[in-house]
Amino acid sequence: MARVKLPLSAAGRGHDMGGQPGGPVPIDPQGQPVFAQNWQARALAVTVAAGGLGKWTLDESRHARERLPSEDYMAYGYYEKWMAGLATLLVEHGLVTMDELRSGQVAADGAQGVEQDDPVPPTAAQVRAALARGGPSRRPDRTPPRYACGQKVQVLSPDSAARQPGGHTRLPAYAAHQTGVIISHHGSHVLPDSNAHGLGENPEHLYGVCFYANDLWPEQVGSKDEVCLDLWESYLVAVDA
Amino acid sequence: MPHEHHDHPHSLLPPEPELRVKALETILVEKGLVDPEALQLIIDTYQHKIGPQIGARLVARAWADARFKDRLLNDTDTVLAEAELAGRQGEHVVVVENTADTHNLVVCTLCSCYPWPLLGIPPGWYKSDNYRRRAVREPRAVLAEFGLTLPETTRIRVWDSTAEIRYLVLPQCPEQAINLSEDELAQWVTRDSMIGAGLPICPADSTMQKEG
């Protein structure tokens, strides 16, 4: 099946909610079952197992959830977002058709083994090994780091950081145009803004950047609290001391 | 409802979440894209094997053994690799230490990033919209709602997990627990204390809390 990229028209930044006003946090007592309902466990398993086909990256799957229609993003619970994102990825990668989703029936020619490049699902043993190994995002340095600890930096806006118009980025809006200080260097890591769109890993230096709460939030005047984010080099510009 | 909504694959699935998962699972299994035994392995792993007791052991060991604590803070990925705890969603971990002056709190405002191999699958509220909205902006008020009122002199450092670095909070060891064994110490460490949303609790009190 050919790969079809669904339109980005519904993309918003509704998921980028840090700092927005909100109500009480629905805290649960500890010691509750990991999955409140059985279908949530199955949603996690199906998503992780399908990811094991190696057809998409974690960055692409995050972006699939972020570009759900905003009314769905806001209405859905966590695992409902996962399932909706998975449905998008399955169709975009040509693994499942819209008709199959609609009917719940596999098309007559839809079973595996029809085409030579059909993906092979990982076995339980392979999944066990993959979970234990994880998927590190650190890569060898391609360039020396531009910034050292203590350097003052200003953050770009999400729009100017994202490699694609309306595309994926891990730069939260609340940090845009703010000035902070580099407090750590994590080495070079895969750049989500590029990797989520199939444009390559383009690893960049990743830094811990610390901001004063009273710079970020007008009502926090006099606070000595801090907010720390991990930001890629291309999200930042140097501020001269 | 706008027309484009119908063009989204997920809108073709049944409305009830349970049936939606069932439909996806059935199609994927029938197409040979997912191995049912792999599904069971994933569920078993996160339902029964990986959970906050793993992170609690690390914290207890750090409390009991100053040299281990130093390594855990400064050479985290090596320590976790040696303990075979560097799996999915814990590939790159930073441990931040609560002190008399500083309290650390972890959130992921963009989605849901926490160190799975140390905490297990995070509960729904860590990933809730209101926690994501408020933790970076009014951590003091949020913590107070959780029953943790910090003195004004304590600096709060909020860690927003925007990349693949996962944060674990090393809470302060409660004074009453200082001379206990590692096994006993681990009983004081709660899941929420390892993201800074609470403090370690005396096991007798936490039993009462659960029953109450």
Side-chain angles (χ1 to χ4, degrees), chain A residues 9 15-20 22-23 25-28 30-31 34 39 41-43 45-46 48-50 62 69 78 80 83-84 87-88 91 95-96 98 100-102 104 106 110-112 121-124 127-128 131-132 134 136-138 170 172 186 189 206 217 224-230, chain B residues 4-5 9-10 12-13 17-18 20-21 23-25 27-28 30-35 37-39 41-43 45-47 86-88 90-92 109-111 120-121 123-125 127-134 136-137 142 146 155-160 162-165 190-192 210:
Chain A
S9 59
H15 67 283
D16 183 1
M17 55 181 76
Q20 290 175 8
V25 176
I27 188 169
D28 281 333
Q30 298 177 81
V34 178
W39 67 264
R42 302 213 75 82
V46 168
V48 171
R62 285 201 184 109
Y78 184 68
E80 292 180 276
M83 282 188 286
T88 299
V91 170
L95 296 173
V96 170
M98 298 283 261
E100 287 172 328
L101 290 181
R102 195 178 286 116
V106 175
Q112 285 305 294
T123 63
V127 168
R128 187 198 310 275
L131 295 181
S137 62
R138 187 159 182 189
R170 295 291 287 180
H186 302 299
H189 285 254
L206 178 71
W217 317 115
K224 58 175 190 167
D225 294 344
E226 296 169 345
V227 181
C228 303
L229 288 75
D230 290 322
Chain B
E4 66 170 23
H5 194 189
H10 69 278
L12 306 172
L13 292 165
E18 195 169 351
R20 241 178 282 159
V21 185
L24 280 172
E25 182 180 335
I27 291 172
L28 289 172
E30 282 186 15
K31 294 196 83 159
L33 291 167
V34 157
D35 178 345
E37 285 182 20
L39 295 180
L41 180 274
I42 294 164
I43 293 171
T45 300
Y46 291 112
Q47 201 151 37
R88 186 186 175 98
E91 296 91 345
H92 311 285
T109 61
L110 295 174
C111 55
I121 298 292
W125 74 262
K127 312 177 264 197
S128 65
D129 293 351
N130 284 336
Y131 186 64
R132 288 164 58 189
R133 289 181 179 118
R134 295 176 61 209
V136 280
R137 183 154 191 166
V142 169
F146 297 166
R155 175 183 60 171
I156 301 179
R157 247 191 182 185
V158 182
W159 300 85
D160 188 356
T162 48
E164 299 306 327
I165 312 296
T190 64
R191 178 194 66 204
D192 293 351
K210 267 181 220 164

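Just so you know, these numbers use all the heavy atoms, side chains as well, and skip hydrogens, waters and symmetry mates. Letters go in sequence order (proteins before strands), and every chain restarts at 1. These figures come from a predicted structure and were not determined experimentally.
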With a 6.0 Å cut-off on ring centres, are A:Tyr78 and B:Trp125 close enough? no

What part of B:Ala86 is in contact with chain A, defined as an atom under 4.5 angstrom from a non-hydrogen atom: side chain, backbone, both or neither? backbone

Judged by atom type as modelled, is there a donor-acceptor pair below 3.5 Å linking the side chain of B:Thr162 to the main-chain atoms of A:Asp230? yes

Chain B contact via A:Ala132 - which portion, at a heavy-atom distance below 4.5 Å: backbone

Do A:Val227 and B:Trp159 touch side chain to side chain, with heavy atoms closer than 4.5 Å? no

Does the B:His92 side chain pair with the main chain of A:Ser137, one donor and one acceptor, at a distance under 3.5 Å? yes

Top residue by heavy-atom pair count (under 4.5 Å) with chain A, among B:Gln47, B:Arg88, B:Arg191, B:Arg132? B:Arg132

Are B:Pro9 and A:Glu100 side-chain neighbours, meaning at least one heavy-atom pair lies under 4.5 Å? no

Looking only at B:Thr45, B:Val142, B:Leu28, most heavy-atom pairs under 4.5 Å shared with chain A are made by B:Leu28

Pairing residues for B:Thr109 by the side-chain hydrogen bond (donor to acceptor under 3.5 Å, both in side chains) criterion, not counting sequence neighbours: B:Asp160

Region of A:Val34 that comes under 4.5 Å of a non-hydrogen atom in chain B: side chain

Top residue by heavy-atom pair count (under 4.5 Å) with chain B, among A:Ala41, A:Ala87, A:Gly23? A:Gly23

In terms of heavy-atom pairs under 4.5 Å, which option from B:Val136, B:Thr190, B:Ile121 contacts chain A the most? B:Val136

Heavy-atom pairs under 4.5 Å with chain B - which of A:Leu101, A:Ile27, A:Asp28 has more of them than the others? A:Ile27

Do the side chains of B:Ile156 and A:Glu226 get nearer than 4.5 Å, heavy atoms only? no

Can you say whether A:Leu206 sits under 4.5 Å from chain B via the side chain, the backbone, both, or neither, judging by heavy atoms? side chain

In terms of heavy-atom pairs under 4.5 Å, which option from B:Ile42, B:Leu24, B:Val34 contacts chain A the most? B:Ile42

For B:Pro123, which atoms come within 4.5 Å of any heavy atom of chain A: side chain, backbone, both, or neither? neither

Under 3.5 Å donor-acceptor, A:Arg42 side chain and B:Glu25 backbone: no

Between B:Asp192, B:Asp35, B:Leu13, which shows the greatest number of heavy-atom pairs under 4.5 Å with chain A? B:Asp192

Tell me, do A:Arg170 and B:Cys111 make a side-chain contact under 4.5 Å, heavy atoms counted? yes

Pick one of side chain, backbone, both or neither for A:Arg138, based on which atoms fall under 4.5 Å of a heavy atom in chain B. both

Residue from A:Leu131, A:Val46, A:Thr123 scoring the most non-hydrogen pairs under 4.5 Å with chain B is A:Leu131

